[in-house]
Amino acid sequence: MASVKIDITEDTLLVGIAASPGIAISKSRLVNRSQLGAIERRISDSEVEAELAAFRAAVECSRQQLIQIKQQAKDKVLAEHLYIIDTHLLILDDDMLIGESEALIAGEKINAEGAFNRTLRKLRRAFDNISDEYIRERRSDIDSIGDRVMRNLLGEIRETFDNLDSQVIVVAHDLSPGDTVQMDKEKVVGFVTDVGGRTSHTAILARSLGIPAVVGLETVTSIVPDDLPMIIDGTNGTVILKPSAETFRKYLEKKQRYEYLEKELEAFRQLPAETLDGYRLVLRGNVDFADEVENARLLGAEGIGLFRTEFLFMTGEDPPSEEEQFNIYRRAVELMAPYPVTIRTLDVGGEKFVPEFNLSDEANPVMGLRAIRFSLKEVNLFRTQLRAILRASAFGQIRIMFPMISGVAEMRSCKQFLDKARQELANEGVAVAENVDVGVMIETPAAVLVSDLLAKEVDFFSVGTNDLIQYCLAIDRSNEHVAYLYEPMHPAVLRALRLICDAAKTEGIEVGMCGEMAGEQLYSLVLIALGFNELSMNPVNISRIKRVMRQVDMGEVKGLLEKMLTLSTATDVATCLESEMAEKFPEVFNLELL
Ligand code: PEP
Ligand code: MG
């Protein structure tokens with residue numbers, strides 16, 4: 001997309017999504033990665049072979065490029081993220097993308113670029129209709145691989161980031177994880193993009209690399225020309241173009257302060273998550289693939305509190321077999337030993353889209369056939385997954401939990417399936433651990449209200465606040481028009497959390513949280529005051545939570561919670577918490593400073 005020449009005045013402010021924290025100050029480098037124009041045309045019978053050959057050559061060329069990136073990345077810190085390249089390599093084998101394009105070329109007689117473009121559009125539409133933010137953002141993997149194949153097809157040479165001669169802030173429509181892996185941190189000091197969200201792979205990688213990033217700016221590539229002085233604040237999601245001397249000074253100071261605090265954070269990674277008066281909390285990591293486990297461990301995770309298994313079902317054509325799943329779970333468990341890995345059974349359906357499952361269109365998918373409801377209907381898939389998890393339990397500590405449970409009957413059905421799978425394996429002489437803790441995700445208001453009954457059925461609770469807040473406050477978590485109502489500090493949410501913790505305590509079972517709220521420093525003290533034993537989060541947040549915890553005592557935070565519980569509105573509760581935290585941790589919470 002050509003940049004539109006508009007008058008950029010001093011200190012022009014753009015606001016996007018904070019994807020990776022930190023401050024970057026440099027000049028822009030505009031990378032032209034906007035949608036490539038593919039021209040569709042009809043071809044004659046005699047052209048079919050040549051078009052098919054050109055298409056296959058472009059796919060093969062893309063495969064070789066990815067393999068090369070993978071080899072180059074081996075020497076970098078990012079080796080643990082190579083699974084992203086593997087995901088892209090898998091997409092290159094995907095029949096939905098490649099097979100369908102070939103069928104269009106041969107069957108409908110459409111030229112290669114037109115056919116591929118049509119298939120891409122269809123896939124993108126399918127992803128756009130998903131309301132779950134995380135899964136919708138997996139669309140960026142399709143975009144990225146689509147862009148690569150298309151460029152190879154059109155004979156365009158991809159720009160790379162390894163020939164930069166000075167430091168830059170990359171300004172792009174979108175960046176693929178492959179681009180991010182190739183970035184030289186010494187040269188690319190930050191990036192901003194038109195599209196993307198906090199949970200896209202590119203954002204996850206930026207956080208791992210420590211490159212500040214702001215995404216979802218919508219039109220930044222049409223505003224910013226090359227070589228423009230700019231500042232990005234990846235903590236707040238803001239971008240300042242043409243900074244004045246005063247703004248420049250202010251942000252330089254902020255940057256130094258941020259870097260100092262980050263350096264300090266490393267020291268917390270392997271320290272216990274403990275308050276001054278000795279209250280110990282277990283901090284665990286959330287992962288989507290076994291390859292992420294090692295990194296979680298390095299960042300201080302004492303186990304995996306949420307292994308979202310649905311992503312294993314999204315990369316191939318068929319659902320993974322029992323053997324494939326077993327190998328993945330076993331690897332995760334072995335990498336995490338002696339700490340536990342909590343595997344959540346498949347959470348698809350409704351908002352979480354897996355094309356192979358051919359889920360019917362539902363008027364209200366978030367309340368439809370999803371998560372455990374889907375597993376209890378597709379019992380063969382459920383049985384396969386349970387067998388794989390149980391088999392892996394012979395190789396380390398595994399816990400299993402079920403998503404979106406709405407009552408005791410559903411929970412009992414799950415346990416029956418689990419017992420049956422265990423019995424089958426025993427009859428076959430297959431080793432299974434004697435004790436596999438069984439947990440329930442508390443994600444529905446019904447589960448909250450019967451948490452006293454559920455507590456008698458399971459070994460632990462894990463609160464999924466992403467869904468619980470959505471269902472509790474009756475707001476679609478991905479609808480921007482009601483986003484202002486998504487308030488973790490709503491008194492209804494606080495009361496729900498208290499009910500859950502009290503029920504767990506009465507029954508003497510563990511209570512954890514694995515929704516995004518668990519990894520937010522602002523809420524961590526409230527959560528320990530409520531009585532949570534375990535918080536599971538994006539592993540990069542672990543040292544942040546440890547730092548906060550190690551500076552308070554329980555008596556103090558309990559007092560804060562009591563005060564918050566007397567307030568009537570979400571704003572009052574949030575203001576009370578924010579001012580307390582800003583006072584106690586000025587360097588972390590005082591947004592004036594950071
Ligand atoms: C949640 O709902 O908080 C959760 C952890 O599950 P997911 O985000 O995968 O729905
Ligand atoms: Mg959920």
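In this text, all values refer to a predicted model and were calculated from it rather than measured experimentally. Just follow the structure's listing: the first ligand is 1, and inside any ligand the first atom is 1. Hydrogens, waters and symmetry mates play no part in the numbers below; they use all other heavy atoms, side chains included.
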Hydrogens and angles aside, do [X] and [Y] bring a side-chain donor and acceptor to less than 3.5 Å of each other?
X: R284; Y: S536; result: no
X: D572; Y: T575; result: no
X: N541; Y: N538; result: no

Quiz item: How many angstroms lie between atom CD of Q397 and atom CD1 of I304, to the nearest 0.5 angstrom?
Solution: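 Q397 atom CD to I304 atom CD1 measures 12.5 Å (nearest 0.5 Å).
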
Quiz item: So, D467 and the Mg ion (ligand 2): N/O/S under 2.8 Å, yes or no?
Solution: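 For D467, the answer is yes, given that an N, O or S atom comes within less than 2.8 Å of the Mg ion (ligand 2).
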
Quiz prompt | Sub-4.0 Å atoms of ligand 1 with respect to non-hydrogen atoms of G464 | solution = 1 (C), 2 (O), 3 (O)

Practice problem: Could you list the atoms of ligand 1 found under 4.0 angstrom from a heavy atom of L306? | Solution: 5 (C)

Quiz item: Which residue, E324, Q385, R391, forms the side chain to side chain donor-acceptor pair (under 3.5 Å) with Y329?
Solution: Q385

Exercise. With heavy atoms under 4.0 Å as the rule, classify the contact between R344 and ligand 1 as side chain, backbone, both or neither.
Key: side chain

Quiz item: Which part of R308 is near ligand 1, with near meaning a heavy atom under 4.0 Å away: side chain, backbone, both or neither?
Solution: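 The answer is the side chain.
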
Quiz item: Are any of the N or O atoms of N466 closer than 3.5 Å to those of ligand 1?
Solution: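 Yes.
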
Quiz item: Which is the closest N/O/S atom of E443 when seen from the Mg ion (ligand 2)?
Solution: OE2

Quiz item: Under 6.0 Å between ring centres, would you say that holds for Y523 and F532?
Solution: no

